[in-house]
Amino acid sequence: MAEDKYRRFLQAGEVLFHEGDPGDCAFVIESGQLEVVRDVGAEHKVLALLGPGEMIGEMALLDRLPRSATATARQSTRLRPLTAEHLKDKLDGTDPLLRLLLKVVLQRYRVATESHGSAVDLTGSDRASVLERLRLEQELEEAFERREFSLYFQPIVDLETYRVAGFEALIRWNSRTQGLVLPGAFMPAVEGSQLIYDLGRWILEEGCAAIQRLNALPRPKGSKPLFMGLNLSGKQLESGRVADELREAIRASGVEPHTLKLEITESLLMTNLERAVGALQDCRDLGCQIAIDDFGTGYSSLSYLHRFPIDTLKVDRSFITPMLTDKSSRKILNAVGGLAHALGMNLVAEGVELPEHAAALAALDVEYAQGFVFSRAVNEQQAGALASADWPWTFARHHA
Ligand code: C2E
Ligand code: CA
Ligand code: CA
């Protein structure tokens, strides 16, 4: 049998592999013919005759189990090998659910053909994590139907007046078994499933209705209307439906579009620039504001900043936390502020945890601050109380 890396040649009668041989590659038949045979008891059972264009040995490629039959050339035959390495990256890159399905189907097939069926190990790491993810996705869909999601609101504070200028809507899951669950524990599963479309639309509707109600409350004299930050996920942007859903939510709530501020992360913008720009431009045309979230953590190419009008940069917490001790993070903040202001944008500092952060940010002409020092995300009633108060934060009084 002649062979090189890309071809194998068999003479008539030559065996390609025996039943039970270790399996690590498949073959595409380029010319000739192969007979696939299995010995069942004393019987010599011909399973298939395969010719040009057909594939053989593919099962081993997927589960690396021993060959389940013997393949012999009927005439001189030319084959193109396909190694497991060829497939590995492709398989690893597919959805874990697809990988699991492939394994299950393969196992069923092997059981049906009584060859090594029981030897397939389905207890691998893939299975547990895929089934866990499926269970969570199902639970989340049920939770959505049972209305277990709610929006909480974290105040965004005007550093000139130390009063509430707006809120960011942050989703919470009020789970019957786990209590209040933070988005980090379930949003990845939501975003990996179809639920993101329904939940995303619901967030827009609820967020619009909430800011409309909050703006109807009595507020300190001279206050401007409150704004509402709404987080958009990548899938929502890609769906091409965001602007329509937003238009409908605006209509249903009667909200002033300018009070809505759509938050999109820098990394999301970078990975899908063209589509994102189109979708965001449509939202902007409706009159909504746009904020870049987690600014400074993406692989920023600042070129996008002038591709469409951005109103706000939300500077990531990683620049705020060290700012009291680390001179360079203050310099970066200063430079980002200069850039933002030159382009007509304002800044929100995220993750403000100390009164001294707030004072230092105000000194750097940063307009807004958001963080635990002011408040965590709270329910709508508490949010209303903060927005109505003359001095929601007594510690801040002497700074103002
Ligand atoms: P994000 O958009 O960057 O939201 C800010 C997160 O920072 C919130 O976490 C907030 O509670 C937290 N945070 C605020 N101030 C501080 C602080 O001073 N210190 C610290 N250590 N953390 C602070 P949360 O609510 O757990 O949300 C996490 C992420 O989940 C959000 O990050 C956002 O990416 C996503 N998310 C939340 N709500 C929604 C939503 O309605 N839709 C979508 N698509 N994503 C959402
Ligand atoms: Ca956000
Ligand atoms: Ca953020």
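Just so it is clear, the structure is predicted and the values come from calculations on it, not from any experiment. Residues take their numbers from the sequence shown, with the count starting at 1. Just follow the structure's listing: the first ligand is 1, and inside any ligand the first atom is 1.
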| said: Tell me whether Asp294 is salt-bridged to Arg317, with the criterion being a basic N under 4.0 Å from an acidic carboxylate O. | reply: no

| message | Exactly one of Val190, Ile203, Leu182 should register a side-chain contact (heavy atoms from CB on, under 4.5 Å) with Ile171. Which one does? | response | Ile203

Write 'none' if nothing qualifies; otherwise put on separate lines each N/O atom of ligand 1 with a protein N/O atom under 3.5 Å away and their distance to 0.1 Å.
residue: ligand 1; atom: 2 (O); partner: Glu168; partner atom: OE2; Å: 3.1
residue: ligand 1; atom: 2 (O); partner: Asn231; partner atom: OD1; Å: 3.1
residue: ligand 1; atom: 2 (O); partner: Asp293; partner atom: OD2; Å: 3.0
residue: ligand 1; atom: 3 (O); partner: Asp294; partner atom: OD1; Å: 3.3
residue: ligand 1; atom: 15 (N); partner: Gln154; partner atom: NE2; Å: 3.0
residue: ligand 1; atom: 18 (O); partner: Phe372; partner atom: N; Å: 2.8
residue: ligand 1; atom: 19 (N); partner: Glu353; partner atom: OE2; Å: 2.5
residue: ligand 1; atom: 21 (N); partner: Arg317; partner atom: NH1; Å: 3.1
residue: ligand 1; atom: 21 (N); partner: Glu353; partner atom: OE2; Å: 3.2
residue: ligand 1; atom: 25 (O); partner: Arg172; partner atom: NH1; Å: 2.8
residue: ligand 1; atom: 25 (O); partner: Arg172; partner atom: NH2; Å: 3.0
residue: ligand 1; atom: 38 (N); partner: Ile171; partner atom: N; Å: 3.1

| query | What protein N/O/S atoms sit under 3.0 Å from the Ca ion (ligand 3), by chain and number? | reply | Asp293 OD1, Asp294 OD1, Glu350 OE1, Glu350 OE2

| For the student: nearest non-hydrogen atoms of Pro322 and Ser318, plus distance | CD-O, 3.2 Å

| Is there a side-chain contact between Tyr152 and Leu180 (heavy atoms, below 4.5 Å)? | yes

| Charged N to carboxylate O below 4.0 Å: is that the case for Glu191 and Lys235? | no

| query | Is Asp282 salt-bridged to Arg247, going by a charged N under 4.0 Å from an acidic O? | reply | no

| Hey, what's the ring geometry for Trp393 with Phe374, parallel, tilted or perpendicular (30° and 60° as the breaks)? | perpendicular

| Atom name in Glu168, limited to N/O/S, at shortest distance from the Ca ion (ligand 2) | OE2

| field | Heavy-atom neighbours of Arg376 CZ exceed 12 at 6.0 Å | value | no

| query | Quick one: does Thr70's side chain have a donor or acceptor within less than 3.5 Å of a partner on Glu19's backbone? | reply | yes

| query | Do the charged groups of Glu43 and Lys45 touch, with an N to O distance under 4.0 Å? | reply | no

